[in-house]
Amino acid sequence: MAIRPIVKWGEAVLHAPSRPVANIDGQIAALVQDMLDTMYAAPGIGLAAPQIGVALRVIVVDLSVGEDKQQLLHLINPEFVEKEGEQRHEEGCLSIPGYAGTPLRPARIAVKGLDLQGRERLYSGTELLARAFCHEIDHIEGLLFVDRLSPLKRDLMQRKLRKRARAGDWDE
Ligand SMILES: [Zn+2]
């Protein structure tokens with residue numbers, strides 16, 4: 001159990017697709033535990049493995065931020081089985097502290113993947129849960145919310161982020 005440093009915008013691991021998990025073993029269980037510890041400490045409602053520097057397709061989501069065990073979801077090798085409609089709400093990201101944007105997201109999604117026991121899990125969601133799954137699955141594809149803004153807003157924010165990343169200064 002460990003809180004790991006959160007990788008920030010500009011680090012290569014956040015901007016390339018992560019690899020599928022081949023074997024769900026004790027290392028993956030430890031990874032999921034570290035991701036939960038790191039997400040709760042932040043605090044945040046979701047985290048993807050590349051955000052702690054591990055280029056594997058693993059995500060965790062907990063809209064209750066640890067208040068309700070029922071809401072804690074983890075998925076290994078998640079993929080969409082359905083996307084429907086559109087919504088647009090403000091999103092932030094633990095890897096881009098101090099910034100927010102409003103990317104276009106599907107209104108309703110269904111995702112499947114494996115749990116730590118290797119069983120297939122299927123989740124569907126709307127509103128915040130749909131946005132959280134999309135945001136985290138984007139992470140394992142190497143995409144951040146910034147990449148989904150309109151070209152004008154994206155370029156503007158990327159310029160600011162490049163400056164921040166160069167200075168290595170992510171304190172708010
Ligand atoms: Zn994020």
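First listed ligand is number 1; within each ligand, the first listed atom is number 1. Everything quoted here is computed from the prediction, not taken from an experiment.
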Is the CD atom of Q27 crowded by more than 12 outside heavy atoms at less than 6.0 Å?
no

Consider side chain to side chain contact (heavy atoms under 4.5 Å, CB included). Of L143, T102, L104, which one does R148 pass it with?
L143

Using 2.8 Å as the cut-off, count the protein N, O or S atoms closer than that to the Zn ion (ligand 1).
3

Under 4.0 Å between a Lys/Arg side-chain N and an Asp/Glu carboxylate O for E141 and R57?
yes

Does a sphere of radius 6.0 Å around CG in D68 hold more than 12 heavy atoms from other residues, nucleotides or ligands, not counting ones at 6.0 Å or beyond?
yes

Test your reading of the model: is there a side-chain donor-acceptor pair from D34 to the backbone of A2, 3.5 Å cut-off?
yes

For Q117, does the CD atom have more than 12 heavy-atom neighbours from other residues, nucleotides or ligands under 6.0 Å away?
yes

